[in-house]
Amino acid sequence: AQSPGGLDTAHLDLPGWRHVYSGKVRDLYEPDLALLGGAHPLGDVVLVVASDRVSAFDHVLSPGIPDKGVILTQLSLWWFDRLADLVPHHVVSTEASAMPGDGLVPDVVAGRAMICRRLEMFPVECVARGYLTGSGLVEYRVDRTVCGVPLPEGLVDGSRLPEAIFTPATKAEVGEHDENVSFEVVAQSIGIEAATRLRDLTLAVYSRAEEIARERGVILADTKLEFGVDPVTGATVLGDEVLTPDSSRFWPADEWQPGRAQPSFDKQHVRDWLASGASGWDRASDAPPPELPAGVVERTRERYLEAYERITGESLF
Ligand code: ATP
Ligand code: MG
């Protein structure tokens, strides 16, 4: 399965694990209880595997970005540690198998996989924004609000907001776009108590992470979190990946200049190339996007690595 475009983790034969779901970027496996001979030693868990797939404009592209899944998983784990006193997270183990079928992380996905408590996920993308851009900017230009939150006049692309705001979105089906909604819509869907808890936790996580990133010369413009309920304890737990370039906008602080699109530590090269004449691709057409050139893949990999190294202060490979 190892190819120039990275590892295809959607169709692996992982002894002790059964594939249950593939999103655009991650693959979920559950314990093969027959093979394990009863319960999983760590309880009701799932194996969350980050692939090297990269998506842009709601399309999964080809080839993938080598090592992307490892970089994003290692960055998530780094953050989970630094947030653990604010909110419990779902990671139970990242230990690699000593022998196939022991229920630990299979060798072939070690480094890019986490054994996690199985959560009942809230159907909400919990977004915090400290800066205005993207879909927030589009809404702001219409009526000076984002997800029902009123904002001052005169803000431009990249402006810092007076304070961070909670701008939730509903989770879309594969291939669809997430839809920004107001706090009230979330409260109607999951109840006012849970909605308030998710808002407060999201803003607390953003505030902590924004501060840590800022000390390292990186602006955390916004971030998307996903929470779930642990069915055993009833606790609200932080799930999914956290504070990666796929779920967040990270901007080099020394290049921040409101009034234009900001350079960012993510798949910007991919988006820019697809949107440029060089790709020959018409976003509005039904045609699938073209193959990414090797140079775009390599620069994107370097950008993900740079994000990891700038934020953690450590090198990965
Ligand atoms: P998209 O391609 O839009 O991101 P997606 O979010 O469904 O779609 P991925 O992010 O690739 O797909 O896959 C991760 C999936 O795993 C998500 O559906 C997420 O809600 C789910 N998930 C994350 N952590 C847990 C957990 N601890 N228990 C159960 N499901 C989880
Ligand atoms: Mg997702």
Side-chain angles (χ1 to χ4, degrees), residues 6-12 17-31 40 42-62 64-65 68-73 75-77 79-80 83-84 87-94 105 109 112-127 134-135 168-180 186 189-190 194 198 201-202 205 222-249 266-267 270 289:
L7 185 69
D8 174 9
T9 53
H11 305 100
L12 291 174
W17 298 94
R18 291 194 334 204
H19 178 258
V20 277
Y21 175 80
S22 287
K24 281 198 284 291
V25 171
R26 261 117 6 108
D27 303 301
L28 251 62
Y29 292 77
E30 64 180 16
H40 190 280
L42 297 171
D44 188 12
V45 294
V46 289
L47 183 72
V48 179
V49 181
S51 74
D52 291 334
R53 296 192 292 276
V54 61
S55 72
F57 305 122
D58 292 320
H59 292 271
V60 176
L61 304 165
S62 178
I65 309 296
K68 173 174 179 278
V70 175
I71 300 167
L72 268 56
T73 297
L75 186 56
S76 275
L77 291 168
W79 282 113
F80 277 130
L83 301 169
V87 57
H89 62 73
H90 64 156
V91 181
V92 179
S93 173
T94 56
V105 176
V109 293
R112 63 171 72 240
M114 318 181 290
I115 299 175
C116 299
R117 179 111 9 254
R118 189 201 301 264
L119 303 176
E120 286 157 11
M121 302 304 289
F122 287 105
V124 185
E125 308 264 355
C126 294
V127 178
S135 68
T170 55
K171 262 184 93 70
E173 298 297 315
V174 171
E176 300 291 308
H177 227 64
D178 297 339
E179 190 194 346
N180 284 357
V186 175
S189 152
I190 63 172
L198 295 194
L201 284 172
T202 300
V205 166
D222 53 40
T223 195
K224 189 258 319 182
L225 306 172
E226 289 186 33
F227 296 89
V229 173
D230 182 330
V232 179
T233 62
T236 299
V237 176
L238 183 55
D240 217 50
E241 63 170 3
V242 285
L243 295 154
T244 68
D246 275 13
S247 66
S248 316
R249 287 190 174 90
D266 63 4
K267 52 199 172 191
V270 171

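Side-chain atoms are counted along with the backbone in the values below, which use heavy atoms only and exclude waters and symmetry mates. Counting convention: from 1, in listed order, for ligands and their atoms alike.
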- Selected option - heavy-atom contact closest to atom 27 (N) of ligand 1, from Arg117, Arg118, Lys224, Arg53: Arg117
- Query: Considering distance alone, does some N or O of Cys116 sit under 3.5 Å from an N or O of ligand 1?
  - Reply: no
- Taking 4.0 angstrom as the limit, do Asp27 and Arg53 come out as a salt bridge? yes
- Note on the structure: Smallest heavy-atom separation, Ala113 atom then Thr73 atom, equals N-CG2, 4.1 Å
- Query: So is Asp240 polar-close to ligand 1, meaning N/O to N/O under 3.5 Å?
  - Reply: yes
- Message: Residue-level breakdown please: for His90 versus ligand 1, do any non-hydrogen atoms fall below 4.0 Å on the side chain, on the backbone, on both, or on neither?
- Response: side chain
- Note on the structure: Counting heavy atoms under 4.0 Å, the part of Leu28 that contacts ligand 1 is side chain
- Take the angle between the ring planes of His89 and Phe80 and call it parallel below 30°, perpendicular above 60°, tilted in between. tilted
- Kindly indicate whether the side chain of Cys116, heavy atoms from C-beta on, has any atom under 4.5 Å from the side chain of Val92. no
- Message: Heavy atoms only: which of Glu30, Met121, Lys171 lies closest to atom 30 (N) of ligand 1?
- Response: Met121
- Could you tell me whether the side chain of Thr202 reaches within less than 4.5 Å of the side chain of Phe227, counting heavy atoms only? yes
- Query: What atoms of ligand 1 come within less than 4.0 Å of a heavy atom belonging to Val25?
  - Reply: 11 (O)
- Evaluating non-hydrogen atoms only, which member of Glu120, Glu226, His89 is closest to atom 20 (O) of ligand 1? Glu226
- Would you call Asp240 and Arg26 a salt bridge, taking side-chain N to carboxylate O under 4.0 Å as the test? yes
